[in-house]
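Just below is one structure, and these are the notes that go with it.
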Number of protein chains: 2
Amino acid sequence: MPGKSDTDPDDTNVETSGDRYKLQGVARALRLLDLLADAGATGFTVTELSQQLETSKSSTFALLRTLVAHSYATEIQPGPRYRLGRAVIRLADSLTEGLGLTEIGRPVMQELTARTGWTTRLAVADNGFPVFIDRVDGPGTIRFHTQLGRRELPHHSAAGKAIMSALDAGRIRAIAQETGLPGRTRNTITTVDDLLADLATSRTRGFAIDDEEDDEGVFCLGAAFLDRTGTCLGSISVTGLKRDIPTWRVRELGESVRAHADDISIGLGGPTWHEYLAGGKAPTW
Amino acid sequence: MPGKSDTDPDDTNVETSGDRYKLQGVARALRLLDLLADAGATGFTVTELSQQLETSKSSTFALLRTLVAHSYATEIQPGPRYRLGRAVIRLADSLTEGLGLTEIGRPVMQELTARTGWTTRLAVADNGFPVFIDRVDGPGTIRFHTQLGRRELPHHSAAGKAIMSALDAGRIRAIAQETGLPGRTRNTITTVDDLLADLATSRTRGFAIDDEEDDEGVFCLGAAFLDRTGTCLGSISVTGLKRDIPTWRVRELGESVRAHADDISIGLGGPTWHEYLAGGKAPTW
DNA sequence: TCAGCATGTTTGGCACAACAGAACTGTGTT
DNA sequence: AACACAGTTCTGTTGTGCCAAACATGCTGA
């Protein structure tokens, strides 16, 4: 099987029954965790969960008890409701710790948010797709919520386009083909040619712009960072309301994002974006 | 099962086979996740995991494939190694989001660390036991590492003692009984009477002190915060080297921790510690 | 070049773990 | 009181998920 298509940006669609080695019970447990994650603080009751899982109450109950025994879920009162348990924090901490990114990235993000007042987010590159793993919210009352840990489509976010601007044209075309570049707003780029053009300017400019391409009224600026081998590990981006940024400030803000992304690259022992482009290791189109 | 050498409030030891409704497969999967969490960035191979799980390679393999299919694990090269996948981040984010604590707590922690230069940690109370769920590292090169998401023993950390200082004497005695108050350094409190005395002063003082009771040379100050119903949700603490803090600064620093914990209480709609003690809702001994 | 070893992957058959459904318990509502 | 409903527990049966052993692959050193 050549196209080992791990390409499915949709988490929920794991019904791809091609997998031979799927353990039903475990798969159910993981879906249960996903459901609990959706529930948030209020949690779910056994019956609600069993309905969503399309599994009998008794089986769901057994699953839950197993999760609880291992602290992956906890029971909260009243009327026994279940929500995620503390064990999941340990997992996430271990993962991000292992990446070593948050240690380096967090202070940089904090400074960027402090300086700009905008929400900063950090995404890692997963085969050219952005996966947001951390964020620092700005002081304002408006929150730009992001699901962390999900693989997003790359073509309608500044973070995604920043990552793509470090890919070669072939891969970009492949991604476009694979995702179909669905539109989200009237500004979303939906053709390969437009995308390549946009990425070309992003690359020379040093940062990518999302001008209401993901959400009406929302404006983002993103820049990629690199590790010591010169491969793009991910990107950071800032998000705010379009009405808050006059055109003449875009360049200034974008260069600030670029500079902070470079700080992360340096922290990782990698080159700045400028060095990267000059070094000849960047793919040329 | 002879005592596992590291002081372990025991996540791993879920062999308590009394649990009727344990699903073997799921339990294995969860233990597998725990193992992967220990692995960190390097990950483990199938054989390593199967040995640690005490399960056949083929079964372990099937488990792994199921985890991978749901993005709870990923395969990394070379020589197929497995580590945690991005899905776990989503879980943790959902959990802390739900608690609403990190949103309120994070800025406070940042300010406290910025002001003191010490590492700040946030613990939630789990039946009187502290579970650290977030941290903000200080600028220094020395890092005080904590496993997030683990249930720790409460009697040898400032965070734990801060939480306990909001409990009634009965519960404290029960915890002492349950844990046996094992010693960690020569300063660790190991008798119930000493513990109660220490907690009494902590309570009136407004913050708890860990004077090399957990680790030689390490000094901590912790203070509890309360929600709108006046119950203690957790505590924050700062950690540093004992040699960095002269005796005369302890009070000042402790009161700063107290003040920041109060900020969290206020953010949660709860009373300050002072109001709490005066309000008569605090248990009296 | 070829055994020899140590991985990861695949298969198939059997046993029993884990399903579903029905019975039981508890709590709040009319 | 009787009901309705949700959370538990029990139990028989089936199909799931176990394991052993075979297969494939890659590395080592003779």
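- If you take CZ of A:R81 and P of D:dG7, they are 9 Å apart, rounded to a whole angstrom.
- Here A:S59 pairs with A:S56 under the side chain to side chain donor-acceptor pair (under 3.5 Å) rule; sequence neighbours left out.
- For B:D227, the side chain to side chain donor-acceptor pair (under 3.5 Å) partners at least two apart in sequence or on another chain are B:T229, B:T231.
- B:T146 is linked by a side chain to side chain donor-acceptor pair (under 3.5 Å) to B:R121, counting only residues two or more places apart in sequence or in another chain.
- Qualifying side chain to side chain donor-acceptor pair (under 3.5 Å) partners for A:R135, counting only residues two or more places apart in sequence or in other chains: B:D93, B:E97.
- Around CD of A:E75, the count of heavy atoms belonging to other residues, nucleotides or ligands within 6.0 Å exceeds 12.
- Checked for salt-bridge contact, A:D38 and B:R90 meet the test: a charged N lies under 4.0 Å from a carboxylate O.
- Here A:E75 lies in heavy-atom contact (under 4.0 Å) with sugar-phosphate atoms only.
- Rounded to whole Å, the distance from CZ on B:F61 to P on D:dA24 is 15 Å.
- The distance between atom CD1 of A:I76 and atom P of D:dG7, rounded to the nearest whole Å, is 12 Å.
- As a whole-Å value, the separation of B:E48 CD from C:dT7 C1' is 11 Å.
- Rounded to whole Å, atom C1' of C:dA18 lies 15 Å from atom CG of A:L53.
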In B/S/- notation, 5' to 3', how is nucleotides 16-22 of chain D contacted by protein heavy atoms closer than 4.0 Å?
-> -SSBB--
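- Checked against ring-ring contact (aromatic ring centres under 6.0 Å, His included), B:Y72 has no partners two or more places apart in sequence or in another chain.
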Side-chain donor-acceptor contacts of residues 39-48 of chain A below 3.5 Å, not counting sequence neighbours, with atom names and distances?
from, atom 1, to, atom 2, distance (Å)
A:T42, OG1, A:A39, O, 3.3
A:T45, OG1, A:E48, N, 3.3
A:T45, OG1, A:E48, OE1, 3.4
A:E48, OE1, A:T45, N, 2.9

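- In this structure, CZ of B:R65 is placed 6 Å from P of C:dT9, rounded to the nearest angstrom.
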Any protein N or O atoms within reach of nucleotides 25-27 of chain D? Criterion: under 3.5 Å, listing atom names and distances.
none

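- Comparing the axis of the opening five pairs of the helix from C:dT1-D:dA30 to C:dT30-D:dA1 with that of the closing five pairs yields an angle of 30°, rounded to 10°.
- With sequence neighbours excluded, the residues that form a side chain to side chain contact (heavy atoms under 4.5 Å, CB included) with A:A73 are A:L36, A:L67, A:V68.
- Shown here are the salt bridge (Lys or Arg N to Asp or Glu O under 4.0 Å) partners of B:D168, two or more places apart in sequence or in another chain: there are none.
- The distance between atom CD of B:Q51 and atom P of C:dG8, rounded to the nearest whole Å, is 10 Å.
- The salt bridge (Lys or Arg N to Asp or Glu O under 4.0 Å) check on A:R106 picks up A:D134, with sequence neighbours excluded.
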